[in-house]
Amino acid sequence: NLGACSENEHQKLSSPNTYQSCPEAVWSSAEVLVFTGLRPEEIRGLCWSRVDFLGCTILIDQVITDAAPNQFSLPRSQALYRTVDLIGPAMQCLLAYKEYTFLTASTPEDLIFMNPLTGAPWSATNKIRAQWIGVLKKAGVRYRVPDQARHTYASTMLQVGENVEYVAKIMGHEDSTTTLKYYARHTHAHRVVEQPAAAASPSISGMLANDVLKTMRSRNKTATNGQQNASLLVASRITCERLDATDQSLQQTNRWKQLT
C-alpha cells in the first residue's frame, strides 16, 4: 500500500499512451475516482440520474457492495450520503462517456460504469481491482489499491489550500477530525502543488490543482453588480432544475433514518 500517487506517477497515468491502451470504461472510471474521491462501491452504484450536468455535481445516495451485488444499498452512514462537486476533468470524462451507456439507458437507474469485458454491472470489487492493475501496468506505475485514487484526490485538494471542512464533506468523513488524522501533513502552505509546464503532458494533480484554485478564486472574488445579477439568474435556473432531485434526496434520507 504505497499511498497517494506521486507527481511522476500522475504524468504516466495521464499520458496518451496509457489512455489509448486501456478500455474506455476502465480509464473513465479510474479518471472519475481520481477527480471525485469516490469509493469503489460508490462508483459501482453511480447512475446517470444522479449526475447534475447543469450544477456540476453528483449525488451519492446509493452503493453496490460485494455483500449485495445485484441491488442498490444505502450508504452505511449519514456522512457518506452527500453531493460531490464535479471538478473539470471529472465532468469532461462523464460528458465524453455519455455515448457508451447514457444514450442506451432504458431506465433512470441505469448504471454509468459497466464491466467492459461482459457489458454487465461489475459483479465484485475485485473485478474493478483487476482492471485497475492493468491500467497501472500499462502506465508503468507501481501497484496500489483503487482506494488510493481517493487519497490522491484528498491530499491534492488540501495541498492547494482547499478548506478542510469542505474536503471532509466531499470525502464523506463524519467531521474534519477524521480528515486531519490522515491528511494533516498535506495542509501546509509550502506543500502547494506546482503547475506543470505548458509543453508537458498535464498531470492529474496539476489539473486537479488548477481546477481547485480557479474554483477557490471564483468563490472568494467579490462580484460586481452585473455579475451578482447573472449569478442570481443562474442560481434560480439551477434551483428549478434540482427540485426533483432534492425531493428524491429527502426521500432517500428518510429511508436511511428509518433503517437506522
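Any value given below was found using the heavy atoms of this structure, including those in side chains, with hydrogens, waters and symmetry copies removed.
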Pair Arg44 + Asp66, salt bridge at N-O below 4.0 Å |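 Salt bridge between Arg44 and Asp66, a charged N being under 4.0 Å from a carboxylate O: yes.
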Before accepting this row, confirm whether a basic side-chain N of the pair Glu42/Arg50 lies closer than 4.0 Å to the acidic partner's carboxylate O.
->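 Arg50 and Glu42: not salt-bridged.
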Considering only heavy atoms from C-beta outward, does the side chain of [X] approach that of [Y] to under 4.5 Å?
X: Ser123; Y: Pro69; result: no
X: Pro40; Y: Trp122; result: no
X: Leu117; Y: Gln131; result: yes
X: Met91; Y: Phe35; result: no
X: Gln148; Y: Val145; result: yes
X: Asp52; Y: Leu59; result: no
X: Ser73; Y: Glu41; result: no
X: Val141; Y: Arg144; result: yes

Ignoring hydrogens, what is the shortest heavy-atom contact between [X] and [Y]? Give both atom names and the distance.
X: Gly45; Y: Gln62; value: O-NE2, 3.2 Å
X: Leu80; Y: Pro75; value: CB-CB, 3.7 Å
X: Trp132; Y: Ala30; value: CZ3-CB, 3.8 Å
X: Arg150; Y: Gly37; value: NH1-O, 2.6 Å
X: Leu38; Y: Leu33; value: O-CD2, 3.2 Å

Output, in order, the C-alpha distance, side-chain angles, deciding distance and verdict of side chain to side chain contact (heavy atoms under 4.5 Å, CB included) for Val51 and Phe102.
-> CA-CA 11 Å; Val51 181; Phe102 180 82; over 6 Å; no
Rounded distance [0.5 Å steps], [atom1] in [X] versus [atom2] in [Y]:
X: Leu94; Y: Leu46; atom1: CG; atom2: CG; result: 7.0 Å
X: Ile133; Y: Tyr143; atom1: CD1; atom2: OH; result: 5.0 Å
X: Met157; Y: His186; atom1: CE; atom2: NE2; result: 13.5 Å
X: Leu180; Y: Asp175; atom1: CG; atom2: CG; result: 9.0 Å
X: Ile64; Y: Asn70; atom1: CD1; atom2: CG; result: 8.5 Å
X: Asp110; Y: Ser49; atom1: CG; atom2: OG; result: 9.0 Å

Would one find more than 12 heavy atoms of other residues, nucleotides or ligands at under 6.0 Å from atom OH of Tyr182?
->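 No, the 6.0 Å shell around OH holds no more than 12 heavy atoms from other groups.
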Report, as yes or no, whether the 6.0 Å neighbourhood of atom NZ on Lys98 holds more than 12 heavy atoms from other residues, nucleotides or ligands.
->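 More than 12 heavy atoms, drawn from other residues, nucleotides or ligands, come within 6.0 Å of this atom.
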Side-chain heavy atoms under 4.5 angstrom apart, residues restricted to Ile, Leu, Val, Met, Phe, Trp, Tyr: same cluster for [X] and [Y]?
X: Leu86; Y: Trp48; value: yes
X: Tyr183; Y: Val84; value: yes
X: Ile170; Y: Ile60; value: yes
X: Leu74; Y: Val63; value: no

Counterpart residues, side-chain hydrogen bond (donor to acceptor under 3.5 Å, both in side chains), relative to Gln92 (two or more places apart) |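 side-chain hydrogen bond (donor to acceptor under 3.5 Å, both in side chains) list for Gln92, sorted by chain: empty.
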What pairs with Thr179 under side-chain hydrogen bond (donor to acceptor under 3.5 Å, both in side chains), at least two apart in sequence or on another chain?
->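 For Thr179 the side-chain hydrogen bond (donor to acceptor under 3.5 Å, both in side chains) partners, ignoring immediate neighbours, are His173.
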Hey, does the side chain of [X] reach the backbone of [Y] with a donor-acceptor pair shorter than 3.5 angstrom?
X: Lys169; Y: Thr83; value: yes
X: Arg185; Y: Ser155; value: no
X: Thr101; Y: Ile112; value: yes

In this structure, which one of Val164, Asn163, Val167 forms a side-chain contact (heavy atoms from CB on, under 4.5 Å) with Ser176?
->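 So, applying the side-chain contact (heavy atoms from CB on, under 4.5 Å) to Ser176 and each of Val164, Asn163, Val167, only Val164 qualifies.
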State which residues pass ring-ring contact (aromatic ring centres under 6.0 Å, His included) with Tyr97; sequence neighbours excluded, sorted by chain then number.
->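 Checked Tyr97 against ring-ring contact (aromatic ring centres under 6.0 Å, His included); matches are Tyr100, Phe113.
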